[in-house]
Amino acid sequence: MDYVIPEPDRPSVAVAGQQARWPVRRIFCVGRNYAAHAREMGKDPDREPPFFFTKPADAVVEADATVPYPPQTQDLQFEAELVVAIGTGGRDIPEDRALDHVWGYACGNDLTRRDLQQVAKDMGRPWDWGKAFDGSAVIGPVHEVARVGHLQSGSITLTQSGEVRQRGDLADMIWSVPEVIAILSQSMALVPGDLVMTGTPAGVGPTLAGDVLEVAIDGLGKLRTTIGAPL
Ligand code: MN
């Protein structure tokens, strides 16, 4: 294919134990998927239908990277999340077949400009400026299901320069991974390469340049990120 400008790089992330990489297509994110986090955001954690937002594929940042403190915010926050890697696409995927579409899992950190997100909420504007900025999707190596199995319970934590800030269990998701895949695929055809960030447990908070953030999920190891000086 000829293009009139140089073709942009295809975003990708590492795969645990392999040289071959994971090509990132879209990044879907589930809002408020742990009851205690919904409460800390001032919302009723009743089981209203899940809602989604997206990040661009090239917002991906890999493990052990330094993310510059982003512009136009005074309140960058961390959100530890389980990431689901879709290996087989589909639409209207039934819940009882949903896990067949999962190739693997990763640790993630949904970096958020909370002040810009709050303005968007208050004014009924899109969340993109709070959620979908450069470097906002920190994704660790993808671990193949064939090696780690499906993760339905287990600890998820985030430490900030060694202090535990978030501690939850994957079993506490309001909407499980099969439910999220089933519901998402009713609105969008899922395609191989899509990633789904499945929401964060309670304890989100601000981070500053110099912080070392570490997300840990049972079976998936740790995902470390350093917050750097602004560009
Ligand atoms: Mn999130």
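First listed ligand is number 1; within each ligand, the first listed atom is number 1.
Protein N/O/S atoms nearer than 2.8 Å to the Mn ion (ligand 1) total 3.
Every side-chain contact (heavy atoms from CB on, under 4.5 Å) that R39 has, sequence neighbours left out, goes to A35, A36, P45. Under the rule for a side-chain contact (heavy atoms from CB on, under 4.5 Å), the partners of P206 that lie at least two apart in sequence or sit in another chain are D75, Q77. With sequence neighbours excluded, no residue forms a ring pair (Phe, Tyr, Trp, His ring centres under 6.0 Å) with F52.
For CH2 of W129, the number of neighbouring non-hydrogen atoms (other residues, nucleotides, ligands) closer than 6.0 Å is 12 at most.
A donor atom on one side chain and an acceptor atom on the other are not found under 3.5 Å apart for D115 and Q74. Under the 3.5 Å distance criterion, with hydrogens and angles disregarded, a donor-acceptor pair is assigned to the side chains of S12 and R21.
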